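This report concerns only the one structure given below.
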Amino acid sequence: MGRRKKIVQECEKLMDKPEQIRNIAIAAHVDHGKTTLTDNLLAGAGMIADKGEATQLMMDTEEDEQERGITIDAANVSMTHEYEDRNHLINLIDTPGHVDFGGDVTRAMRAVDGALVVVDAVEGAMPQTETVVRQALREGVKPALFINKVDRLISELQEGPEEMQKRLTDVIGDVNELIRGMTEDMDDVDDWTVSVEDGTVAFGSALYKWGVSLPSMQATGMSFGDIIDLEQADKRQELHEKTPLSDVVLDMVAEHFPNPLDAQPRRIPRVWRGDDDLDIARQMREVDDDGEVVFMATDIGMDPHAGEIATGRVFSGTIKKGQDLYVSGTAGTNRVQSVGIFMGGEREELDRGVPAGNIAAVTGLRDAIAGSTVSSIEMTPFESIEHISEPVITKS
Ligand code: GDP
């Protein structure tokens, strides 16, 4: 059996086990390393060959994106990761890295429960870092932080352990200041801040494929000093093998991001204003894969063969080929033509459908737009996804 087929089968096995699912987005200011990090995760999960720096970036699926060197359209992928003897299904939604596309980032946040915020260690938190953190928190999505390009602190800026530690602490402090500023008015008492001690902060180099977190340093016995020594001695391959970035980040995802069973009861009241006592409300809170189908489309893409593809989150029920579903704001129903998951920009159709708690790619929903509520019974639609306006920053 081919590797791809095997990964699809593994993903399928995990789809019905919401406690083992993590729906995540990676979001960053442009050039902070989101694409390079994503590539690391895909290679770590065995989705693409780990060929060094020249690896073709799978997430940049459109030629136009590759030419422009920025990610425009959200590309998505499902992968598996073993953590503490348990396999996890990680559904990753890619978000555009350019400020002009802020609206797409917000839409992607509706589909996920955790956001990995990437910040360049040299540049620190930038305007779009603030925007993506705001978008995540507004949607009730839990942030974690990856501080990237730490190799530059060591090799270019020649920083020692203390200077480096201070810089990392400053970045974490800045991000937490943003988080606190945005959550002080929230009525729930969740602590949304990130910290090294909690394991919600990791740092490293996406380019050289190494990363560390407090739990990973405890597990490997590596110290700051060891990392600096290896990086300075140009032993980056050794550093990668000793403490691979993908493992550190995916462990953090599995440990700290909520699974759909934890996330949906908290998130549904934020994004849906329907009657709490209805069966459908309970089914969404409980991630009931036998319940009515409730799917929220967060992105509409075009496939030359299949036509329009709606990507989004299944909050309740199991979305399947042949179902006739209501699309909010339109009359009548649309018949689902196919349902699948994303495997690195390509769709993998699944006849058994995609159950609640997952991200699905659906064709046949011709009336759906990004933001549509698609359901098997008529219902109050989800709150519209707010577009957060921000200053347009042009890339030099
Ligand atoms: P995105 O715009 O956030 O997707 O950023 P990219 O992943 O495209 O990275 C932007 C640039 O930073 C590219 O030239 C990368 O090679 C470089 N880069 C990414 N990660 C690192 C890193 O960890 N260290 C260094 N030195 N460069 C990096």
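Read the numbers this way: they start at 1 and go in the same order the structure lists the ligands and their atoms. Residue numbers count from 1 along this sequence. Predicted model only: the values in this text are computed from it and were never measured.
- In Thr35, the parts holding a heavy atom less than 4.0 Å from any atom of ligand 1 are both the side chain and the backbone.
- Using a 4.0 Å cut-off between heavy atoms, His32 contacts ligand 1 through its backbone alone, with no side-chain atom that close.
- For Leu37, no nitrogen or oxygen atom sits less than 3.5 Å from a nitrogen or oxygen atom of ligand 1, counting backbone and side chain alike.
- The aromatic rings of Phe315 and Phe382 sit tilted, their planes meeting at an angle between 30° and 60°.
- The closest heavy-atom contact to atom 21 (C) of ligand 1, among the options Val118, Leu207, Val150, comes from Leu207.
- Ligand 1 has no nitrogen or oxygen under 3.5 angstrom from a nitrogen or oxygen of Ala28.
- Residues passing the ring pair (Phe, Tyr, Trp, His ring centres under 6.0 Å) test with Phe295, sequence neighbours excluded: none.
- Counted by atom type alone, Ser316 and Asp288 present zero donor-acceptor pairs between their side chains at under 3.5 Å.
- Cluster partners of Leu261 are Val287, counting Ile, Leu, Val, Met, Phe, Trp and Tyr whose side-chain heavy atoms approach within less than 4.5 Å, directly or via other members.
- Within the model, atoms CZ of Arg366 and CZ of Arg335 stand 10.0 Å from one another, a figure rounded to the nearest 0.5 Å.
- The distance criterion of under 3.5 Å between nitrogen or oxygen atoms is met by Asp31 with respect to ligand 1.
- Closest of all the heavy-atom pairs between Ile319 and Gln323 is CA-OE1, 3.3 Å.
- Using bins of under 30°, 30° to 60° and over 60° for the plane-to-plane angle, the ring pair His81/Tyr83 lands in the parallel bin.
- Here is the list of ligand 1 atoms found below 4.0 Å of a heavy atom in Lys34: 1 (P), 3 (O), 4 (O), 5 (O), 7 (O).
- Using a 4.0 Å cut-off between heavy atoms, Asn148 contacts ligand 1 through its side chain alone, with no backbone atom that close.
- Proximity to Ser205 (heavy-atom distance under 4.0 Å) selects the following atoms of ligand 1: 22 (C), 23 (O), 24 (N).
- Between Arg152 and ligand 1, a contact under 3.5 Å exists for no N or O pair.
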